[in-house]
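Source: prediction; values computed, not measured. These numbers come from the heavy atoms of this one structure, side chains and all, not from hydrogens, waters or symmetry mates.
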Amino acid sequence: MDEKIVLTDESGEEIELYAVEETRVAGVNYLLAAEEEGDGACFILRDISSAEDSDAVYEVVEDENELEYLFHIFKELVGDIDLEY
């Protein structure tokens, strides 16, 4: 996947991330995104867009149980990348 996405944080600052993989779990879309191609910090984002939104709206998944569950799913999907939780 590795397409670049731009997120805007609460302070209006833009953050560039690489979309590594996406999946849908229980009707919700999730995105694994990294700061850099290759090694770097990864984030799991939840799509919270509504039908009226023209662009996708994501929030960082912070719940530890949800993160651990999704981490294992993404680890299976991107088997060629060394992910650590």
Side-chain angles (χ1 to χ4, degrees):
M1 182 173 231
D2 286 337
E3 69 181 60
K4 193 178 268 192
I5 61 172
V6 178
L7 301 177
T8 305
D9 67 13
E10 295 87 21
S11 64
E13 202 171 317
E14 289 188 346
I15 303 166
E16 290 186 353
L17 298 173
Y18 290 91
V20 177
E21 185 65 68
E22 70 179 312
T23 192
R24 187 172 181 87
V25 177
V28 178
N29 291 327
Y30 292 93
L31 182 68
L32 176 66
E35 290 180 336
E36 303 173 14
E37 286 183 298
D39 293 339
C42 288
F43 304 92
I44 297 178
L45 308 172
R46 178 187 311 108
D47 186 344
I48 58 170
S49 305
S50 67
E52 298 83 38
D53 292 325
S54 59
D55 292 323
V57 178
Y58 291 97
E59 69 180 4
V60 175
V61 175
E62 295 180 359
D63 178 75
E64 287 296 322
N65 293 328
E66 186 178 11
L67 267 176
E68 187 172 342
Y69 177 75
L70 292 166
F71 170 79
H72 291 294
I73 291 172
F74 279 116
K75 190 165 177 90
E76 289 294 319
L77 292 172
V78 294
D80 60 334
I81 297 175
D82 187 26
L83 293 178
E84 294 182 20
Y85 178 67

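Residues that satisfy the side-chain contact (heavy atoms from CB on, under 4.5 Å) test with D55, not counting sequence neighbours, are absent from this structure. Judged as a side-chain contact (heavy atoms from CB on, under 4.5 Å), and not counting sequence neighbours, the contacts of E62 are V60. Partners of E14 according to the salt bridge (charged side-chain N to carboxylate O under 4.0 Å, His left out) rule, which considers only residues two or more places apart in sequence or in another chain, do not exist here.
The side-chain hydrogen bond (donor to acceptor under 3.5 Å, both in side chains) test with Y30 is passed by exactly one of E22, E66, E21: E66. Each of L32, I44, V25 was compared with I73 under the side chain to side chain contact (heavy atoms under 4.5 Å, CB included) criterion, and only V25 meets it. T23 pairs in a side chain to side chain contact (heavy atoms under 4.5 Å, CB included) with only one of the listed residues (N29, L77, V28), which is L77.
Between N65 and Y69, the closest side-chain pair of non-hydrogen atoms is not below 4.5 Å. By the 4.5 Å heavy-atom criterion applied to side chains, L45 and L7 are counted as neighbours. Counting heavy atoms from C-beta on, the side chains of L17 and V6 never come closer than 4.5 Å. The shortest side-chain heavy-atom distance between V78 and V20 falls under the 4.5 Å cut-off.
Listed for the T8 side chain is no donor-acceptor partner under 3.5 Å among the backbone atoms of E13.
Between E68 and H72 the shortest heavy-atom distance is O-CD2, 2.9 Å. Across every non-hydrogen atom of S49 and A56, the tightest pair is OG-CA, 3.1 Å. A pairwise comparison of heavy atoms in A41 and F43 identifies O-CE1, 4.2 Å as the closest pair. Of all non-hydrogen atoms in I48 and D53, the two that sit nearest each other are O-OD2, 4.5 Å.
Distance CG/L70 to CG/L31: 11.5 Å, rounded to 0.5 Å.
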